[in-house]
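All remarks here apply to the structure that follows.
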Amino acid sequence: MEIPKIYESDKTESKWYDYWMKNGFFNSQPDEREAYTIVIPPPNVTGVLHMGHMLNNTIQDVLVRRARMLGKNACWVPGTDHASIATEAKVVNKLKAEGIDKKNLTRDEFLEHCWEWTHKHGGIILDQLKKLGASCDWNRTHFTMDEGYYKAVIQVFVDLFEKGMIYRGVRMVNWDPQAHTALSDEEVNYKEVNSKLYYVRYKIQDAEDEWVTIATTRPETILGDTAICINPTDERYKHLAGKNVIVPIANRIIPIITDEYVDPEFGTGCLKITPAHDPNDYEIGIKHNLDSIDIFNDNGTLNENGGEYQNKDRFDVRKKIAKDLEAQGYLIKTEDHINKIGFSERTDAVIEPKLSLQWFCKMEDLAKPALDNVMNDNIAFHPPKFKNSYKHWMENIKDWCVSRQLWWGHQIPAYFFGKGMNDYVVANSIVEALEKAKAITGNAKMTVHDLKQDEDVMDTWFSSWLWPIAVFGGFDKDNDGKEIDYYYPTNDLVTAPEIMFFWVARMIMAGYEYKGELPFKNVYYTGIVRDKLGRKMSKSLGNSPDPLSLIEKYGADGVRVGMLLSSPAGNDLPFDSAQCEQGRNFTNKIWNAFRLVKSWEVKDFEQPEYAKKGIEWFENQLNARLVEINSSYDQFRISEALMSTYKLVWDDFCSWYLEIAKPAYGQPIDSTTYQKTLELFEALLRIIHPFTPFIAEELWHLIKERPDKDCVIVAKWPEAKKVDETITKGFEIAEEVITNIRNIRKEKNIANKVEIDLRIKKNQNTDTSFDAIIQKIGNISSFEYIENKVDNAFSFIVKSNEFFIPFSEDIDVEAEIAKLKEELQYTKGFLKSVEGKLNNQKFMAGAPEQVVANEKRKQEDALNKIKVLEEKLGSYV
RNA sequence: GGGCGAUUAGCUCAGUUGGUUCAGAGCACCUGCCUUACAAGCAGGGGGUCGUAGGUUCGAAUCCUACAUCGCCCACCA
């Protein structure tokens with residue numbers, strides 16, 4: 001069989017992915033096995049795969065694949081999120097490009113465009129995941145607007161409403177004037193902005209040329225002022241309390257009130273109050289019973305209260321009004337000022353605090369169990385440091401504004417039967433609503449046409465917080481519950497810390513509210529994928545490589561390894577394609593190891609001692625690595641599990657084992673060693689499979705012909721047997737001897753193919769069981785233990801034993817002496833420090849027994865070595 | 001403004017309750033090799049007073065206190 005020298009990933013990946021799919025290896029049905037469940041964080045339906053997804057989903061796939069091999073019934077549920085505001089924004093833009101204005105469409109027409117867009121783009125990201133090797137149960141693909149899911153969301157809304165946990169009210173909300181919708185606090189990002197502080201004076205009513213000056217960053221809101229506020233303790237202004245002032249330009253009369261809230265140190269110590277456009281002013285307005293004048297339209301232009309500025313944009317008005325104030329002598333001065341301004345997470349528009357009628361969800365009761373069960377580690381965060389910010393958020397949680405003035409999403413199931421604020425019912429369907437409305441109004445003649453459903457939809461997260469329950473039909477009353485009982489609670493959630501509040505916290509709340517139980521046992525937080533300059537990878541910066549071309553270039557396995565090489569949980573991943581290159585090199589290394597093994601000619605003859613010993617060592621070493629690997633996995637230290645796997649393959653197997661086992665050039669290998677090597681290779685393929693599934697499967701089948709269902713993806717994870725420390729230690733000594741031999745070969749320019757002799761003078765009883773390996777690797781023709789030192793030889797010392805390589809030419813005695821002296825000096829220094837400790841009475845009294853014993857052993861070893869070195873030096877004189 | 005976390009080799013990170021070979025790994029780097037599985041490779045090697053300053057201790061990367069720098073989260077100062 002001709003095997004190419006380079007592993008060709010593109011030829012194998014789709015082949016095996018199709019094969020796995022065909023055999024249904026990704027699919028899961030409840031059975032008697034233990035379930036292992038992950039629900040995917042559903043990506044936005046209209047998105048494409050980015051590097052963050054790559055990292056996130058690689059981790060999930062690694063966990064799922066290993067769980068499957070551990071004999072669990074692994075179920076990874078994929079799906080997408082309708083992403084209400086993001087998708088709606090995209091569709092609006094797309095229509096705009098086609099010359100269609102959303103305003104001219106009916107709701108149904110617009111939704112049709114949304115669905116079209118969803119169907120066109122929805123599958124892209126899932127297909128990309130397949131290229132990465134994601135072993136999701138695709139039969140279970142869900143979408144947050146699927147019929148059943150939609151029903152569940154409505155049902156939860158109705159339920160919470162009936163429990164009194166959802167209410168409707170006028171509140172100051174974050175208004176996005178571009179998307180024309182309210183946003184939750186979590187959807188607002190605050191950024192520092194250079195702005196100006198305008199000092200504006202207001203004339204005191206009925207006074208001769210008496211003025212009061214306020215400082216504001218938003219002069220346009222003067223048109224909405226309904227009071228001036230001062231601190232009651234402020235001596236400068238005390239006398240003004242109760243008087244009235246005239247609002248410049250608007251020429252309205254407003255009162256001067258006092259409130260502790262005002263900081264006398266800031267600005268002039270006088271604050272203008274605009275209850276309709278500032279959250280604090282709103283509070284003060286309520287407290288002092290002030291009027292509230294809304295001056296903005298929903299799109300950020302001024303409304304009829306804006307007078308001559310009506311229909312102009314808020315930022316234009318700011319400039320214009322500043323000029324006008326100046327011209328009319330109201331503007332005293334302006335100062336540069338840095339303040340924080342809220343921006344919409346989705347549209348990046350400057351948020352306008354705005355009074356509006358919205359739906360809210362009470363959080364206090366929901367938050368309690370969600371906080372407690374994270375703090376007590378019933379739900380474990382990895383890394384645990386995220387518990388801190390989770391706690392802080394949960395303890396200061398505010399009610400959740402769940403309504404959005406959008407069309408794409410789950411429409412709020414409130415049905416209005418009259419014009420009043422409270423003339424509505426909340427119901428699962430319009431039929432149900434009609435019954436309720438009839439009951440309330442006593443109007444038996446009412447029909448569905450008398451009902452008008454609330455136009456708004458719900459926040460996207462109001463659907464995704466139900467994900468771990470809804471994907472298993474947990475809200476469907478007609479469902480037999482077999483699925484939800486079996487798969488819920490899920491095991492691990494892998495997600496980004498950015499959505500800890502948006503999503504993770506709320507899933508936990510929903511879990512306790514609706515299942516009385518946690519939704520997952522572990523939350524693994526990934527970091528942010530950054531470029532070499534430390535910038536977040538994003539489409540707008542154009543610094544993100546295309547995942548699919550990476551896969552094309554390095555292979556999916558190579559990319560997976562590259563992503564995981566240095567990404568401990570919670571740490572950002574500084575991405576460098578060199579890491580994928582390393583990953584690809586790793587797959588190639590395995591490939592070539594396989595080529596070597598397959599190239600051997602096999603014959604029946606007695607197994608050489610070195611091979612026997614090599615197998616004994618490697619089996620032990622494999623167990624040792626397996627213990628490390630399992631422990632790393634159990635602690636969610638995926639990068640460390642990968643590194644141990646990497647070393648097992650590269651260092652232990654390729655660099656040591658294969659070099660030991662391989663026959664001399666042109667010579668055959670004995671069948672025992674050959675069979676054993678294949679067995680060991682299979683064990684390696686199992687262990688690498690979660691990280692590099694494609695090449696593992698390819699080699700699994702190249703090793704031998706197998707029945708259909710015999711695939712590494714469903715093979716058993718190897719069992720870690722007890723590690724024999726004497727083997728580990730013994731081999732370490734052999735390694736040290738071999739390294740010394742290699743060094744001498746290199747220093748003296750003795751090619752590896754030139755055989756040499758080795759003589760050993762034993763001064764200490766050490767493990768000799770790997771002598772055959774030293775002989776093989778060192779290419780030693782004659783290997784003997786002797787009593788006396790050898791003249792004219794290169795020499796070195798390992799564990800007080802002297803090794804000699806006799807050489808016909810004269811050796812450089814001076815150099816040998818210098819080397820010995822140096823080593824002697826070091827050892828003496830070492831001894832001194834050890835004896836310093838042993839002579840310290842406080843150390844002897846305070847240190848534990850074991851530590852003292854160790855120091856004593858170190859002393860003994862050092863004394864021994866000094867003796868050998870001195871004798872050796874003496875022999876040169 | 002409040003809180004949290006970090007600072008260990010050029011880079012990315014390990015380092016479990018202070019005490020064995022505790023100063024480590026991978027990559028990068030340097031040297032020598034196209035040796036017959038792999039140059040996407042092999043063999044060997046250099047490199048850090050563990051952010052700074054104090055303190056506790058027989059002993060500190062590890063514990064304590066300040067300070068410095070960076071990052072994250074939260075927050076209504078106009």
Side-chain angles (χ1 to χ4, degrees), chain A residues 3 5-7 172 185 190 197-198 214-218 221 229 261-263 265-268 270-274 278-283 337 339-340 342 353 383 385-393 396 497-498 500-501 528 532 534 554 558 565-568 570-574 576 578-579 581-600 635 637 639-640 642-644 646-647 650 654-655 658-659 662 664-666 732 739 742-743 745-747 749 751-753 836-837 840-848 850-855 857-858 861:
Chain A
I3 308 173
K5 206 168 168 177
I6 302 272
Y7 169 58
M172 183 64 71
D185 293 342
Y190 288 90
L197 199 52
Y198 299 83
I214 57 92
T216 180
T217 52
R218 302 200 58 193
T221 60
C229 191
Y261 168 77
V262 178
D263 175 7
E265 304 294 314
F266 189 89
T268 63
C270 291
L271 177 65
K272 71 185 205 61
I273 305 293
T274 321
D278 183 281
N280 302 307
D281 292 8
Y282 175 66
E283 295 299 325
H337 180 68
N339 64 343
K340 289 205 170 168
K385 67 173 179 184
F386 286 113
K387 282 164 74 175
N388 288 324
S389 45
Y390 180 83
K391 177 166 185 262
H392 188 258
W393 189 77
N396 295 287
E498 300 163 299
M500 180 159 69
F501 307 131
I528 294 166
K532 279 187 212 166
Y554 302 107
L565 270 171
S566 108
S567 47
N571 276 34
D572 286 358
L573 168 63
D576 187 334
Q579 289 166 323
E581 198 177 325
Q582 194 187 343
R584 185 220 29 207
N585 294 352
F586 179 59
T587 56
N588 199 48
K589 184 73 184 175
I590 303 164
W591 183 255
N592 278 294
F594 176 76
R595 284 181 63 220
L596 172 66
V597 174
K598 270 296 172 182
S599 71
W600 290 336
Q635 296 171 71
R637 295 171 161 222
S639 298
E640 287 181 28
L642 171 60
M643 193 39 70
S644 299
Y646 183 93
K647 286 185 199 162
W650 202 304
C654 295
S655 297
L658 288 180
E659 290 303 322
K662 89 176 172 194
Y665 179 63
E732 272 167 16
T739 301
R742 281 172 173 162
N743 270 329
R745 279 184 180 277
K746 182 164 179 172
E747 269 170 43
N749 251 324
N752 212 32
K753 53 186 152 196
K837 281 190 204 174
N840 182 333
Q841 294 202 343
K842 283 181 175 169
F843 172 78
M844 296 302 281
Q850 200 205 342
V851 175
V852 175
N854 274 325
E855 291 302 315
R857 210 187 66 212
K858 275 154 82 178
D861 284 353

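The chains referred to below are lettered A, B, ... by the order of the sequence lines, with proteins before strands, and numbering in each begins at 1.
Rounding to whole angstrom units, CG of residue A/N339 and P of B/A75 are separated by 17 Å. Atom pair A/K340:NZ and B/A75:C1' shows a separation of 8 Å (rounding to whole Å applied). Taking atom CZ on A/R218 and atom C1' on B/C77, their separation rounds to 15 Å, with Å as the unit.
For the C1' atoms, the distance linking B/A6 with B/G51 amounts to 11 Å, nearest Å. Between the P atoms of B/A23 and B/G46, the separation comes to 16 Å (whole Å). The C1' atoms of B/G55 and B/G47 are separated by 32 Å, rounded to the nearest whole Å. Here, B/C50 and B/G24 have their C1' atoms 12 Å apart, quoted to the whole Å. To the nearest whole angstrom, the two P atoms, one in B/U52 and one in B/U17, are 23 Å apart. Across B/A68 and B/G54, the matching C1' atoms stand 15 Å from one another, rounded to whole Å. When the C1' atom is compared between B/A66 and B/U56, the two are found 15 Å apart, to the nearest whole Å.
Pairing of B/A66, defined by two Watson-Crick or G-U wobble distances under 3.5 Å, is identified with B/U52.
For A/Q582, taking side-chain heavy atoms from C-beta onward, the closest of the listed nucleotides B/U20, B/C74, B/C27 is B/C27. If you check B/G44, B/G5, B/G41 against the side chain of A/K385, the one that comes closest is B/G5.
Contact between the side-chain N/O atoms of A/R637 and the OP1/OP2 oxygens of B/G15 is found at a separation under 4.0 Å. Between A/N749 and B/G32 there is no side-chain N or O to OP1 or OP2 distance below 4.0 Å. A/K753 has no side-chain polar atom (N or O) that falls below the 4.0 Å cut-off from OP1 or OP2 of B/C42.
Taking only distance into account, the side chain of A/K589 meets the base of B/C38 through a donor-acceptor pair shorter than 3.5 Å. Side chain A/N280 to base B/C76: a donor-acceptor pair is found below 3.5 Å.
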